[in-house]
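Quick note: numbers below take in every heavy atom, side chains included, and nothing from hydrogens, waters or symmetry partners.
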Amino acid sequence: MSTRTEHVKYYALAVLLPLLVLAGVTYGVGELILAWPTGEAGVSRALAADRTPLWNTLTDFGSSLSDTPYIVALTAIAAIAFRLAYGRWRESVFLIVAVWSQSLVFLAVTEVVGRHRPPVEHLDPAPPTSSFPSGHVSAAVAFYCGFALVLSTHLRNRALQVLVWVLGIAAPLAVAFSRLYRGMHFLTDITWGLLLGVVCVVVAARAILHRREGRAVARDSRPRVRPGAQSSMTP
């Protein structure tokens with residue numbers, strides 16, 4: 001089997017297959033939510049009733065952290081920065097795969113499920129996609145947590161690692177609350193968006209970051225035999 005064929009087979013099993021399963025599970029969960037009312041409208045109404053100008057402004061910023069143009073631009077900038085900083089494409093490809101894989105799953109499922117948005121005033125323009133799952137939230141997890149994962153693997157200072165992960169986790173949570181507060185999603189929409197983003201980061205990390213590191217370690221750990229050592233040990 002050629003090297004190219006092996007690579008295609010590997011990525012089909014390590015990336016494509018898990019994403020197909022994830023899309024199927026996401027679709028199934030969406031259909032279950034539609035079939036079994038969850039009573040989440042009460043949460044949306046309660047948040048809408050307690051809106052204030054301050055929180056309206058804060059959540060407008062929070063929601064914008066994951067607007068599609070920003071995520072696309074930030075992913076491109078980060079990919080270029082990683083390539084220049086580390087002199088290789090591994091981290092860049094990982095981040096691109098993590099971000100775009102969640103987007104593909106989201107787009108494949110959202111229109112099929114077709115869930116209506118919460119029955120409250122929407123503070124943002126409603127995109128043509130349905131409410132389930134939250135693409136804003138899944139994109140936020142994929143980018144900010146993926147970015148944090150790359151940085152933390154190259155940092156040796158524990159305090160900086162913790163800081164990077166605190167920011168990487170805080171951003172998606174801010175997006176999730178903002179989308180819920182602003183009447184754009186139900187609670188289950190943002191919950192599944194979080195799970196969708198996490199799974200895509202894990203899949204991309206296992207397929208790209210961890211696999212290549214493991215192969216490098218395996219090569220480096222092979223015992224090295226000095227020239228002539230084998231012949232000297234032969235009876």
Side-chain angles (χ1 to χ4, degrees), residues 1-30 66 68 70-110 112 133-156 161 164-165 167-169 171-172 175-176 191-222:
M1 184 181 296
S2 68
T3 302
R4 177 176 297 180
T5 302
E6 290 178 353
H7 286 168
V8 171
K9 181 179 179 181
Y10 172 79
Y11 287 112
L13 294 175
V15 178
L16 183 58
L17 181 58
L19 293 182
L20 290 175
V21 173
L22 179 59
V25 173
T26 301
Y27 169 74
V29 171
S66 192
T68 299
Y70 293 158
I71 290 295
V72 171
L74 289 172
T75 301
I77 293 171
I80 294 172
F82 289 157
R83 176 64 179 86
L84 295 176
Y86 306 128
R88 60 190 181 191
W89 286 107
R90 182 194 308 172
E91 291 81 2
S92 303
V93 173
F94 154 71
L95 187 63
I96 292 171
V97 170
V99 171
W100 284 102
S101 60
Q102 63 77 31
S103 179
L104 291 175
V105 173
F106 163 73
L107 292 174
V109 173
T110 183
V112 181
S134 173
H136 270 73
V137 174
S138 61
V141 173
F143 175 75
Y144 292 106
C145 290
F147 191 86
L149 179 59
V150 171
L151 289 185
S152 63
T153 58
H154 290 277
L155 291 173
R156 296 294 176 263
Q161 290 178 335
V164 165
W165 272 110
L167 295 176
I169 294 173
V175 172
T191 300
W192 197 261
L194 290 169
L195 291 174
L196 173 58
V198 168
V199 171
C200 288
V201 169
V202 170
V203 168
R206 286 171 59 88
I208 299 170
L209 292 180
H210 296 171
R211 182 220 181 192
R212 295 183 181 179
E213 289 175 357
R215 291 178 65 184
V217 170
R219 287 195 300 267
D220 294 340
S221 61
R222 292 175 184 172

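- Atom CG of residue Leu74 and atom CG of residue Leu95 lie 9.5 Å apart, to the nearest 0.5 angstrom.
- Separating the CH2 atom in Trp89 from the CD1 atom in Ile208 is a distance of 13.0 Å, to the nearest 0.5 Å.
- Put simply, the residue from Val25, Val137, Val109 that forms a side-chain contact (heavy atoms from CB on, under 4.5 Å) with Trp192 is Val25.
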Exercise for review: Given side chain to side chain contact (heavy atoms under 4.5 Å, CB included), test Val201 with Phe147 step by step and report yes or no.
Suggested key: CA-CA 10 Å; Val201 169; Phe147 191 86; over 6 Å; no
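- Under the 4.5 Å side-chain criterion, counting only non-hydrogen atoms from C-beta, Thr75 is in contact with Phe143.
- The shortest heavy-atom contact between Ala204 and Val97 is CB-CG1, 3.9 Å.
- Sparse packing is recorded around CH2 of Trp100, with 12 or fewer heavy atoms of other residues, nucleotides or ligands lying under 6.0 Å away.
- Smallest separation of non-hydrogen atoms from Pro133 and Leu196: CG-CD2, 4.2 Å.
- Minimum heavy-atom separation, Phe94 to Gly146: CE2-O, 3.5 Å.
- Remark: the backbone N or O of Gly135 is paired with a side-chain donor or acceptor of Ser138 at under 3.5 angstrom.
- Within a 6.0 Å radius of OH in Tyr70, no more than 12 heavy atoms belonging to other residues, nucleotides or ligands are found.
- When all heavy atoms of Phe82 and Ser92 are compared, the closest pair comes out as CB-OG, 3.5 Å.
- When every heavy atom of Gly197 is checked against every heavy atom of Val141, the shortest pair comes out as C-CG1, 3.4 Å.
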**Study point:** Intermediate values then yes/no, side chain to side chain contact (heavy atoms under 4.5 Å, CB included), Val175 and Ser134
**Key:** CA-CA 10 Å; Val175 172; Ser134 173; 5.9 Å; no
Check your understanding: Would Leu22 and Val203 satisfy side chain to side chain contact (heavy atoms under 4.5 Å, CB included), going step by step from the backbone distance to the final call?
Key -> CA-CA 10 Å; Leu22 179 59; Val203 168; over 6 Å; no
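- In terms of modelled atom types and a separation under 3.5 Å, the side chain of Tyr10 and the main chain of Ala207 share a donor-acceptor contact.
- Taking OG from Ser101 and CD1 from Ile96, the interatomic distance works out to 11.5 Å, rounded to the nearest 0.5 Å.
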Practice item. Go through the steps for Leu155 and Val164 under the test side chain to side chain contact (heavy atoms under 4.5 Å, CB included), then give the verdict. Key: CA-CA 10 Å; Leu155 291 173; Val164 165; 3.7 Å; yes
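- Between Thr26 and Val105 the shortest side-chain heavy-atom distance falls below 4.5 Å.
- Listed for the Ser152 side chain is a donor-acceptor partner under 3.5 Å among the backbone atoms of Ala148.
- Across all their heavy atoms, Arg156 and His154 have their closest contact at NH1-C, 3.8 Å.
- For Ser66, there are no side-chain hydrogen bond (donor to acceptor under 3.5 Å, both in side chains) partners at least two apart in sequence or on another chain.
- With values rounded to the nearest 0.5 angstrom, Leu16 atom CG is found 9.0 Å from Leu13 atom CG.
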